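Structure, as structure tokens:
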Amino acid sequence: MRELRIVMCSESYLPRISGVTHALAALTRGLRERGHRVVIAAPRYPGHRDDDPDIVRFPSLRPPHTPDFPLAVPLAPVAWRRLIGSQPDVVHSHAPFLMGAVAARLARRTGRPLIFTYHTLYDEYVHYAPFGRRQMTAAVVRRYVTAYANRCAVVVAPSHAVADRLRGQGVTARIEVVPTATIDPAVFAALDPSGVRAAYGLPADAPLVVTASRLAPEKSVDLVLEAFAHLAAGRSARLLVVGGGPAEAALRAQAERLGLAGRVVFTGLLPHRRALECLAAGDLFLYASRTETQGLVVAEAMAAGLPVVAVDAGGVSEAVVDGRTGFLVGPEAAALAAHAALLLDDEPRRQAMASAARAAAAAYSVAAVTERMIAVYESARGGS
């Protein structure tokens, strides 16, 4: 197979920590290990310098309502010359907006196929928009994303649920289902969670429930706290909340109101490897987000050997096999708590589910996902 030259365009990339960043970094690493060239175009982050010569940064602005998510300024002649000079075989967009427009223009200018991975339920995130009514804004976003997808040679959906959603909102372009959650087995084999409990003042003998995500409204961490309040009654269990974000102060206050002071520990934003060690230190993973296209962190929890108790919604419903690798329940605190209690109170069952979860996570290996994406690229090139 000859070398492919791929340009990836994304609104979110290092040093920002997110599911999209992890997915993009892992896919890039997998492609490069197979001898393909990947150039990444992303917004510039103040104070950050790249070691990778194949990262092209666009000037950016930091909106006051989301300062941790800089927005690219597409008018950047130097960046454009570098992208066109890379002579891509395919252009892969990881967002439909500013950097998505860069990807579409580059594909048009070079006559190459445009691939679009639908990482996010964009219409569920309109509370970040600084203007407009939520319902109206969501409808506008859906129409825009649908029109963008229909300009593409291939749309990559992380799950069949997302593919069905896209078809339902009018996407007629070819859709391929390829997981975006990627697991590097070597990383998980090398994790050392032994010092996590001591580092966060957690008793060595207390059952440890872990949740992890960006602490933002769409992740429903407030529902996890409510569920844990039910679960903690009469038990010595602790909850470790891994991650940071704009809702952290509100969630800390909620934990206090629920009487969970000393029972819930917030780690704040962590380097990825340390976050994985926190997962591996737990006994089960509790997750309540209803906006996941797939849920990288759920796959990571499974790879770390944790059974998952999660809300039955979106891509998470395909990642977790109900009754085998965890439980899928409705979005109610009592239901989440009851199923978590089943596992905490039944050690043999929890261990069996933990083993099944670890085995199921192999389907999300970097190698497997990379090979599937190469096949998508080659087929798109053949049709261009």
Side-chain angles (χ1 to χ4, degrees), residues 8 10 12-14 16-34 36 38 92 94 117-120 156-162 176-193 196 210-214 219 242-243 270-287 289 292-310 314-321 324-326 328 353-376:
M8 307 272 199
S10 180
S12 180
Y13 195 58
L14 299 170
R16 190 172 193 270
I17 297 174
S18 71
V20 174
T21 297
H22 294 320
L24 179 52
L27 177 59
T28 296
R29 184 171 65 252
L31 289 166
R32 287 174 175 172
E33 287 173 354
R34 285 157 181 76
H36 303 295
V38 180
H92 190 164
H94 292 266
T117 292
Y118 186 90
H119 286 281
T120 305
V156 176
S159 63
H160 292 281
V162 170
E176 292 288 341
V177 176
V178 180
T180 54
T182 49
I183 301 301
D184 187 340
V187 169
F188 283 85
L191 292 177
D192 180 10
V196 168
V210 183
T211 193
S213 70
R214 185 169 187 264
K219 298 299 183 180
V242 181
L270 295 176
H272 188 221
R273 186 182 186 89
R274 183 58 171 169
L276 295 180
E277 288 175 341
C278 289
L279 292 181
D283 295 305
L284 68 84
F285 188 73
L286 190 60
Y287 201 59
S289 174
E292 302 302 305
T293 55
Q294 182 177 328
L296 170 63
V297 72
V298 170
E300 289 177 331
M302 291 165 58
L306 272 66
V308 176
V309 177
V316 174
S317 301
E318 293 177 37
V320 178
V321 180
R324 178 168 172 77
T325 63
L328 295 168
M353 282 194 171
S355 296
R358 188 179 286 110
Y364 302 102
S365 72
V366 175
V369 171
T370 300
E371 289 303 320
R372 291 176 67 177
M373 278 308 311
I374 290 172
V376 169

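Here the structure is a predicted model, which is why all the values come from computation and not from measurement. What you see below is based on every heavy atom in this structure, not just the backbone, and it leaves out hydrogens, waters and symmetry mates.
Screening residues 184-193 for side-chain hydrogen bond (donor to acceptor under 3.5 Å, both in side chains), with sequence neighbours left out, gives D192-S194.
Listed here is the closest heavy atom pair of T180 and T117: CG2-CG2, 3.6 Å. Nearest heavy atoms, G315 versus S159: CA-OG, 3.8 Å. A310 and V316 make their closest contact through CB-CG1, 3.7 Å (heavy atoms, listed as atom of the first residue, atom of the second, distance). For R274 against V196, the heavy-atom pair with the smallest separation is NH1-CG2, 3.7 Å. Of all heavy-atom pairs spanning P179 and R372, the tightest one is CD-NH1, 3.4 Å. Listed here is the closest heavy atom pair of A360 and M302: CB-CE, 3.7 Å.
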Test log, rule side chain to side chain donor-acceptor pair (under 3.5 Å), inputs E300 and H272: CA-CA 11 Å; E300 289 177 331; H272 188 221; 2.8 Å; yes
Residue pair M8, H94: steps toward the side-chain contact (heavy atoms from CB on, under 4.5 Å) verdict: CA-CA 7 Å; M8 307 272 199; H94 292 266; 3.2 Å; yes
Chi angles and distances behind the side-chain contact (heavy atoms from CB on, under 4.5 Å) call for L31, T370: CA-CA 6 Å; L31 289 166; T370 300; 4.0 Å; yes
Residues V242, V210; criterion side-chain contact (heavy atoms from CB on, under 4.5 Å); working and verdict: CA-CA 7 Å; V242 181; V210 183; 4.0 Å; yes
Test side-chain contact (heavy atoms from CB on, under 4.5 Å) applied to T182 and V369, step by step: CA-CA 7 Å; T182 49; V369 171; 3.7 Å; yes
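The CZ atom of R34 sits 10.5 Å away from atom CZ of R29, with the distance rounded to the nearest 0.5 Å. To the nearest 0.5 angstrom, R32 atom CZ is 10.5 Å from L27 atom CG.
The shortest distance between side-chain heavy atoms of L270 and E277 does not fall below 4.5 Å. Side-chain contact between R16 and S18: present, with at least one pair of heavy atoms (C-beta onward) separated by less than 4.5 Å. Between V187 and L276 there is a side-chain heavy-atom pair separated by less than 4.5 Å. Inter-residue side-chain proximity for T325 and M353 is flagged as unmet; no heavy-atom pair is nearer than 4.5 Å.
Each of L24, V20, V162 was evaluated against H119; a single residue qualifies, V20, per the side-chain contact (heavy atoms from CB on, under 4.5 Å) test.
Within 6.0 Å of atom NE2 in H160, 12 or fewer heavy atoms from other residues, nucleotides or ligands are found, so the atom counts as exposed in its surroundings. No more than 12 heavy atoms of other residues, nucleotides or ligands shown are found within 6.0 angstrom of CZ on R324.
Judged by distance alone, with hydrogens and angles left aside, the side-chain atoms of S365 form a donor-acceptor pair with the main-chain N or O of A368 at under 3.5 Å.
Among residues two or more places apart in sequence or in another chain, the ring-ring contact (aromatic ring centres under 6.0 Å, His included) test is passed with Y287 by F285.
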